[in-house]
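Following: one structure in structure tokens, then a few remarks.
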Amino acid sequence: MLANACCDALGLPKIRKSQGNGQNNGKAIDMRICMVGTGYVGLVSGTCFAEFGIDVVCVDKDAGKIERLKNGEVPIYEPGLEDLLERQIKKNRISFTTDLAAAAKGADAVFIAVGTPTRRSDGHADLTYVYQAAEDIARAIDGYTVVVTKSTVPVGTATEVERIIREANPNADFDVASNPEFLREGAAINDFMRPDRVVIGVASERARKVMRELYRPLYINETPIVFTARQTAEIIKYAANAFLATKITFINEIANLCERADADVQDVAKAIGLDKRIGSKFLHAGPGYGGSCFPKDTIALVQTGQLMGAPQRIVEAVVAVNDARRKDMAQRIIDACGGSVKGKRIGILGVAFKPETDDIRDSATLDIVPILQAAGATVAAYDPAAMEHAKKILDNVDWKTGPYEVADKADALAIVTEWNEFRALDLDRLAVLLKDQLILDFRNIYKPAEMQEAGFRYLSIGRPEIAPPARLKAVAGGSQS
Ligand SMILES: NC(=O)c1ccc[n+]([C@@H]2O[C@H](COP(=O)([O-])OP(=O)(O)OC[C@H]3O[C@@H](n4cnc5c(N)ncnc54)[C@H](O)[C@@H]3O)[C@@H](O)[C@H]2O)c1
């Protein structure tokens, strides 16, 4: 067991370990946690807690994942994670196992960070993995343990987890706390280490002390820590995600209006975002929100609202508008190709739901590609990090090694994910490669005037289209769109 924390790399204050009873008193004391579920959240949180100086055992039922981690391989793409993890492994602060019983024994806290996907039958959050983990934990814990739900779970789940543990192990000495996670993939480590706030729902002073001790480096750093009731913490997480999804959906609808009125949504977003009551974040018009959280969490919140007799009508509208937007993106490509993509070759740049991640869950590309294929198009695509995952889900895609290979002989090129690699493409080279000079930019990463100057027909989101110059295709010598 290590006595001192090392938060040097992230400039966090050093702490000494505590017994998990909240009484540090400058003594060199131990604290140990078990992280159940070693996905994006579990692995990042576990690694960051290790960086705080806490001993962490990460558990996953996926033996392959654990084997890779034991061999020092990081199974997800997350900037900075590999280095941080390597350092913690060298310091023996973090280890990996499939044996939950051994890992949870003697832990001060056991975090549940398993997936909570959408339940197919009704859209509710599927809590099978959470409840299974709770049962496994119940049998393993000894001594006072705080069981913490870090997964995003509907209001009331902490109470149910408590009931499950009590039923499985009536003698267990434990509390259940709710500690929803707000990290964003692609910036996960910084988000965990320097969060806007930490939310902790507890029902006992004992649990509160343990949780405060675990987050002590952030507490010392004056990160706002919101202690509240467990059910409130659970709602905070859904309210935050639903609000952000609403903001995105709002600006997307304003973008539609801008397109009809020859107005510029980016100027609208900038101007309204300068109002401090509104703020500039999450006002980027695009192909609709996606990813591992917003789609499932908005749907789950709608379900919870309906179940509890408090319908979330704004969020219901957000879900419907966003769903329709995905189909609309594919239709935009079809329309831009003259109403049909039959026999055409469409190049797609980006499959990950956002840059700096290999996560493709609910990404726009997953919706767009099958619609284009069903309409008779051939699709070529490239993503810097997510292609291996995408290959398992999207059939008959011509996977390429880079953006220019995708553009080669394509009738249209659509930018769906705003990877940096796509932000400064050689436009002259693209002009030569593309069969038709048609680019659809669903992320507004280029300037319409610049694209017009380069000879493209350029369609973006919520910005006026500038007619391309007559010398269109002169460079490439191919057909015109
Ligand atoms: N991904 C994000 O950006 C993010 C951000 C905030 C919150 N969340 C929430 O965190 C939770 C986890 O999300 P994620 O993206 O890390 O999921 P994930 O699918 O990447 O990882 C979940 C892991 O849990 C493992 N698992 C499932 N049941 C288990 C069990 N009984 N014992 C041991 N391991 C088990 C799975 O094998 C998997 O490796 C979800 O509720 C999600 O909504 C995710």
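We count ligands from 1, going down the list as the structure has it; atoms in each ligand are counted the same way.
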With side chains defined as the heavy atoms from C-beta onward, is the minimum distance between F182 and I236 less than 4.5 Å?
yes
Answer side chain, backbone, both or neither: which part of A188 comes under 4.0 Å from ligand 1, heavy atoms only.
neither
Please write down residue, atom name and distance for the protein heavy atom closest to atom 24 (O) of ligand 1.
G37 CA, 3.4 Å
Any idea which of D60, L183, I66 brings a heavy atom closest to atom 37 (O) of ligand 1?
D60
Filtering V153, V114, I112 for the heavy atom nearest atom 26 (N) of ligand 1 leaves V114
With heavy atoms and a 4.0 Å threshold, my read on which part of S151 contacts ligand 1 is both
Of the choices R361, K150, R184, E181, which has the non-hydrogen atom that lies closest to atom 6 (C) of ligand 1?
E181
How long is the span from the CD atom in E67 to the CG atom in L69, to the nearest 0.5 Å?
9.5 Å
Heavy-atom contacts with S292 under 4.0 Å: which atoms of ligand 1 show up? List them by number with element.
1 (N), 2 (C), 3 (O)
Donor + acceptor pair across side chains of N71, R68 (<3.5 Å):
no
Give yes or no for whether the N/O distance cutoff of 3.5 Å, strictly under, is met between E185 and ligand 1.
yes
Quick check: F111 with F49 (ring centres under 6.0 Å apart)?
yes
Using a cut-off of 6.0 Å, state whether more than 12 heavy atoms not belonging to E205 lie near its atom CD.
yes
Measuring only between side-chain heavy atoms, which start at C-beta, is I333 closer than 4.5 Å to L372?
yes
